[in-house]
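Here the structure comes first, spelled out in structure tokens, and everything after it is commentary.
Only heavy atoms go into these numbers, but all of them, side chains included; no hydrogens, no water, no symmetry mates.
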Amino acid sequence: MSVEITVLAENTAGEGLAAEHGLSFWIRYEGHSFLLDAGSTAVFAENADRLGIHVEEAEFAVLSHGHYDHGGGLAEWFRRNPAGKVYAREEVFGQYYSLTSGSPRFIGLPDPVQAFRERFCFLSGEMQILPGVWVLGHEGPSDGERAVKEKMYEKTGGTLQPDTFAHEQSLVLQTAKGLVILSSCSHGGIDRAIREAARCFPGTPVRAVLGGFHLKGGPGGVGMPFSPQEIRQLGETLRDMEIPEIYTGHCTGEEAFGILKEVLGGRLHRLRAGRRISLTDES
């Protein structure tokens, strides 16, 4: 069995590719090809073209949560792929806001994506999309304290309330050597996402984790929502989980990455557009 994951969009990019604030993965698994997230714009598809990847051939897409920087590019995918479904949480079209700039800023899915609601398959709980390919939602609402730290809110009944992150889900791939967990923004905590996967697959080791860890704060990385000590504690938690490979970027931030690197050393790797990650059972 082999898994190949290519980063199509990220805040940084390899030579000849475009970068944007967003995240998108192209996944090949057991003869299947599909998309996890589509970044903010059509950049993911333009990078795919340069890499020789045909995103219109994706059998389906998975949307990790209802924010523009992961779902905005779906408008381009819908244009290129007239039939494919998007698997998402039932709450993905909520009214989501960020207060990292001081005033409420809408960060939900843009109108061109919302116009394609009929292309969405709404999920609750856990679901196996293909043999060995699972999507897992959070087992319960996140406590409001984390959302307040991250300055993430949902407008309900005309008022802003701390986001419960019920619209967030992880993608889990089963391999002979363990689970590959993709948690694109990890608003509820990457450690929580890993534990939720471990409870669904008891006794199965975690082989690799990929995604953003939402540690960088507001625009330009100003004002990390968590202290250096808290980030170091997260690194120690991940180290104690004995995960061989961890790939992160996007909303993790440079300062947080540096702290995690001090703890995790060679286990921690950067995401960037154009990076191909091959996970074979022989490796």
Would E168 and H138 count as a side-chain hydrogen bond (donor to acceptor under 3.5 Å, both in side chains) if you check the C-alpha gap in whole Å, the side-chain angles of each, and the deciding distance to 0.1 Å?
-> CA-CA 7 Å; E168 190 170 45; H138 290 316; 2.9 Å; yes
Between L271 and I277, is a side-chain contact (heavy atoms from CB on, under 4.5 Å) present by the stated rule, with each step listed?
-> CA-CA 10 Å; L271 294 173; I277 299 160; 4.2 Å; yes
Could you walk me through whether E196 and V172 pass the side-chain contact (heavy atoms from CB on, under 4.5 Å) test, one step at a time?
-> CA-CA 11 Å; E196 287 169 343; V172 178; over 6 Å; no
Could you walk me through whether L260 and I246 pass the side-chain contact (heavy atoms from CB on, under 4.5 Å) check?
-> CA-CA 10 Å; L260 293 174; I246 301 172; over 6 Å; no
Begin from the C-alpha positions of S184 and D37 and carry the test side-chain hydrogen bond (donor to acceptor under 3.5 Å, both in side chains) through to its verdict.
-> CA-CA 8 Å; S184 293; D37 293 348; 2.8 Å; yes
In sequence, state the C-alpha distance, the side-chain angles, and the governing distance for L130 and F60, and then conclude on side-chain contact (heavy atoms from CB on, under 4.5 Å).
-> CA-CA 11 Å; L130 293 171; F60 56 86; 3.7 Å; yes
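By the 4.5 Å heavy-atom criterion applied to side chains, M241 and R195 are counted as neighbours. Contact of the I194 side chain with the I243 side chain is registered, since non-hydrogen atoms from C-beta on lie closer than 4.5 Å. In this structure, the side chains of F165 and R89 stay at 4.5 Å or more apart for every pair of heavy atoms. Counting only heavy atoms from C-beta outward, the side chains of V3 and S278 never approach each other to under 4.5 Å. Residues L268 and L238 fail the side-chain proximity criterion, which asks for heavy atoms closer than 4.5 Å. With a 4.5 Å cut-off on side-chain heavy atoms, H67 and M152 count as touching. Within the 4.5 Å cutoff, no side-chain heavy atoms of I231 are placed close to those of F213. Using a 4.5 Å heavy-atom cutoff, the side chains of P162 and Y153 are in contact.
Closest non-hydrogen pair, Y29 versus F34, comes out as CB-CE2, 4.1 Å. Taking all atoms of both residues into account, the shortest heavy-atom contact from A193 to S170 is CB-OG, 3.7 Å. When all heavy atoms of T204 and G178 are compared, the pair lying nearest together is CG2-CA, 4.1 Å. In this structure, A18 and A273 approach most closely via the heavy-atom pair O-CB, 4.0 Å. Of all heavy-atom pairs between G108 and Y68, the closest is O-CB, 3.3 Å. Contact detail for N81 and E56: the closest heavy-atom pair is ND2-O, 3.1 Å.
Expressed to the nearest 0.5 Å, how far CG of L136 lies from CD1 of I181 amounts to 8.0 Å. Here CD of E145 is found 11.0 Å from CD of E150. Values are rounded to the nearest 0.5 Å. Atoms CD and OH, on E10 and Y247 in that order, are 14.0 Å from each other to the nearest 0.5 Å. Separating the CD1 atom in I5 from the CZ atom in R276 is a distance of 12.5 Å, to the nearest 0.5 Å. Between I129 atom CD1 and E59 atom CD the span is 10.5 Å, to the nearest 0.5 Å. To the nearest 0.5 Å, atoms CG (L234) and OG (S186) are separated by 9.0 Å.
Scanning for ring-ring contact (aromatic ring centres under 6.0 Å, His included) contacts around F25 gives an empty result, with sequence neighbours left out.
Remark: the W134 side chain and the Q174 side chain contain an N/O donor-acceptor pair separated by less than 3.5 Å.
We find that E254 and R270 are joined by a salt bridge, their nearest charged nitrogen and carboxylate oxygen being less than 4.0 Å apart. The pair E262-R232 counts as a salt bridge, with a side-chain nitrogen and a carboxylate oxygen less than 4.0 angstrom apart. Ion pairing between R199 and E139 holds under the 4.0 Å rule for side-chain N and carboxylate O.
Taking the six-membered ring wherever Trp is involved, the centroid distance between the rings of H70 and H250 falls below 6.0 Å. Checked against the 6.0 Å centroid threshold, H65 and Y96 do not count as a close aromatic pair.
A distance-only check finds a donor-acceptor pair linking the side chain of Q169 to the backbone of Y87 [under 3.5 Å]. Using modelled atom types, no side-chain atom of S33 and backbone atom of A58 make a donor-acceptor pair closer than 3.5 Å.
Using cut-offs of 30° and 60° for the angle between ring planes, the H214 and H187 rings count as tilted.
Other members of the hydrophobic cluster containing L74, listed by chain and number, are L8, L17, W26, L35, F44, L51, I53, V55, L63, W77, F78, V86, V92, F93, L109, V113, F116, F120, F122; membership follows side-chain contacts under 4.5 Å among ILVMFWY residues, whether direct or relayed.
I107 and L215 fall into different hydrophobic clusters, where Ile, Leu, Val, Met, Phe, Trp and Tyr residues are linked whenever their side-chain heavy atoms come under 4.5 Å apart, directly or through other members.
Among E20, H21, E76, E46, the one residue that satisfies the side-chain hydrogen bond (donor to acceptor under 3.5 Å, both in side chains) test with T41 is E20.
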